[in-house]
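Beneath this line is the structure, given in structure tokens, with notes to follow.
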Amino acid sequence: MDKVVATAVEAVADVPDGATLAVGGFGLSGVPNVLIEALYERGVSGLGVVSNNCGAMESGLAVLLAAGRIARVTGSYIGANKEFARQYLAGELEVEMIPQGTLAERLRAGGAGIPAFYTPAGVGTQVADGGLPWRYDGSGGVALASPPKEVREFDGTEYVLEHGIRTDFALVRAAKGDRHGNLVFNKSTRNFNPLAAMAGRVTIAEVEELVEPGEIDPDAVHLPGIFVQHVVALTPEQASAKMIEQRTVSAPAADGTVSE
């Protein structure tokens, strides 16, 4: 089945207001910026987003966040996103913070059909006991707090019950993909993109390089096409548009040259 869609706007045409989205990316790496921009152009709002972070440097999900299109975020990292922090503290945004490894496993579990699992991460903290602020009231008080979770003991160790995550849609970015939806991710872009793709009931992938079926060695496939419903091929300009969040410059060498 050829899953290629002509444009990003066409690919996200069925995403309604209030939809839940699992979005790939790790920092600025592997973020489906083109699909996010297409959602922005469509004016979709009231979104519930599940992603490691919510954009940075006015890119990625920060585009939707700044426009007030996101109602709830499930993630593990706020970082230096000042608008995210402002909306959260002002009571404009509901936020569920989850340990990063737990978030990854909740996405994977949801995609694998596993409803819940036990993990030691968070035991003895508000992650398990409840009380984490999900929404502030805008005056410094907590309007909505996380509920307590089930804790059980196995072989003398306590574990907290976490539920798998399923979302209406997933947006991901891959280095390479074929027309059947088989995807290959590059280095750190593989952290959350495959997991987000698994969690979405309808998964849309933007790919930097589109190839024909059979051109990807089956052993090289990171995510099978069964998890992907739509593929958008990026233009060379879109594929090469990659930002650097923190640029580090080393001290000058003896000959006066500087390397990054």
Side-chain angles (χ1 to χ4, degrees), residues 18-27 29-32 46-55 60-61 65 70-79 81 84-85 87-88 93-136 142-172 185 188-203 222-224 226-228:
T20 55
L21 305 173
V23 182
F26 190 75
S29 179
V31 178
L47 298 170
V49 171
V50 182
S51 185
N52 177 61
N53 57 292
C54 202
L61 287 171
L65 183 74
I70 298 176
R72 191 179 198 277
V73 175
T74 302
S76 63
Y77 183 69
I78 294 177
N81 192 326
F84 185 114
Q87 290 189 25
Y88 178 38
L93 185 67
E94 186 172 311
V95 178
E96 180 183 2
M97 297 300 291
I98 303 173
Q100 194 168 76
T102 300
L103 175 63
E105 182 61 11
R106 287 183 66 183
L107 288 166
R108 190 202 69 82
I114 298 170
F117 59 91
Y118 285 97
T119 174
V123 171
T125 73
Q126 287 182 307
V127 170
D129 300 339
L132 284 173
W134 278 3
R135 181 183 291 277
Y136 285 98
V142 177
L144 179 64
S146 65
K149 299 176 182 178
E150 178 186 337
V151 175
R152 289 185 60 183
E153 183 177 309
F154 296 91
D155 297 324
T157 301
E158 289 188 327
Y159 296 82
V160 59
L161 182 69
E162 296 281 1
H163 290 82
I165 293 175
R166 291 286 280 163
T167 59
D168 301 322
F169 295 86
L171 308 180
V172 299
F185 303 95
S188 60
T189 65
R190 193 177 174 185
N191 283 356
F192 276 95
N193 271 300
L195 307 174
M198 292 174 66
R201 294 180 176 87
V202 175
T203 294
H222 294 150
L223 184 80
I226 192 172
F227 289 108
V228 179

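If you're wondering where the values come from, they're calculated on a predicted model, not measured in any experiment.
- What you find for Leu93 and Arg72 is that their closest heavy atoms are CD1-N, 4.1 Å.
- Side-chain atoms of Asn53 come within 3.5 Å of backbone N or O of Gly27 as a donor-acceptor pair.
- Counting only distance, with no hydrogens or angles, the side chain of Asn81 and the backbone of Gly55 share a donor-acceptor pair below 3.5 Å.
- Within 6.0 Å of atom CD1 in Ile226, 12 or fewer heavy atoms from other residues, nucleotides or ligands are found, so the atom counts as exposed in its surroundings.
- Between the side chain of Gln87 and the main chain of Leu65, a donor-acceptor pair closer than 3.5 Å is present.
- When every heavy atom of Thr20 is checked against every heavy atom of Thr167, the shortest pair comes out as OG1-CA, 3.4 Å.
- Not one N or O on the side chain of Thr189 forms a donor-acceptor pair closer than 3.5 Å with the backbone of Gly30.
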Could you go through Leu132 and Thr125, starting from their C-alpha distance and side-chain angles, then the distance that decides it, and tell me whether this counts as side-chain contact (heavy atoms from CB on, under 4.5 Å)?
CA-CA 9 Å; Leu132 284 173; Thr125 73; over 6 Å; no
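- Rounding to the nearest 0.5 Å places CD of Glu96 at 9.0 Å from CG of Leu103.
- Residue Pro147 comes nearest to Trp134 through the heavy atom pair CD-CH2, 3.6 Å, listed as atom of the first residue, atom of the second, then distance.
- Taking every heavy atom of both residues into account, Pro32 and Gly24 meet most closely at CD-O, 3.4 Å.
- Interatomic distance, CZ of Phe227 versus CG of Leu195, reported as 10.5 Å (0.5 Å rounding).
- In terms of heavy-atom proximity, Ala19 sits nearest to Asp168 at CA-OD2, 3.5 Å.
- Of all heavy-atom pairs between Leu21 and Leu171, the closest is CD1-CD1, 4.5 Å.
- Annotation: side chain of Leu107 is not in contact with side chain of Met198 (no heavy-atom distance under 4.5 Å).
- Residues Thr119 and Glu105 fail the side-chain proximity criterion, which asks for heavy atoms closer than 4.5 Å.
- For the pair Arg108/Ile114, a side-chain contact is recorded, criterion being any heavy-atom separation below 4.5 Å from C-beta on.
- Between the side chain of Ser146 and the backbone N or O of Gly130, no donor-acceptor pair lies under 3.5 Å.
- With a 4.5 Å cut-off on side-chain heavy atoms, Phe84 and Leu61 do not count as touching.
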side-chain contact (heavy atoms from CB on, under 4.5 Å) for Arg190 and Phe26? Distances and angles first, verdict last.
CA-CA 9 Å; Arg190 193 177 174 185; Phe26 190 75; over 6 Å; no
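- Between Phe154 and Tyr159, the ring planes are perpendicular. Angles over 60° get that label, and only those under 30° would be called parallel.
- One side chain, Ser188 or Ser29, offers a donor N or O that lies under 3.5 Å from an acceptor on the other.
- Counting only heavy atoms from C-beta outward, the side chains of Leu161 and Lys149 never approach each other to under 4.5 Å.
- Val31 pairs by the side chain to side chain contact (heavy atoms under 4.5 Å, CB included) definition with Asn33, Ile36, not counting sequence neighbours.
- Side-chain contact between Val127 and Glu162 is present, with heavy atoms from C-beta onward closer than 4.5 Å.
- A perpendicular orientation is assigned to the rings of Tyr136 and Tyr88, their planes being inclined by more than 60° (bins at 30° and 60°).
- Partners of Arg166 according to the salt bridge (Lys or Arg N to Asp or Glu O under 4.0 Å) rule, which considers only residues two or more places apart in sequence or in another chain, do not exist here.
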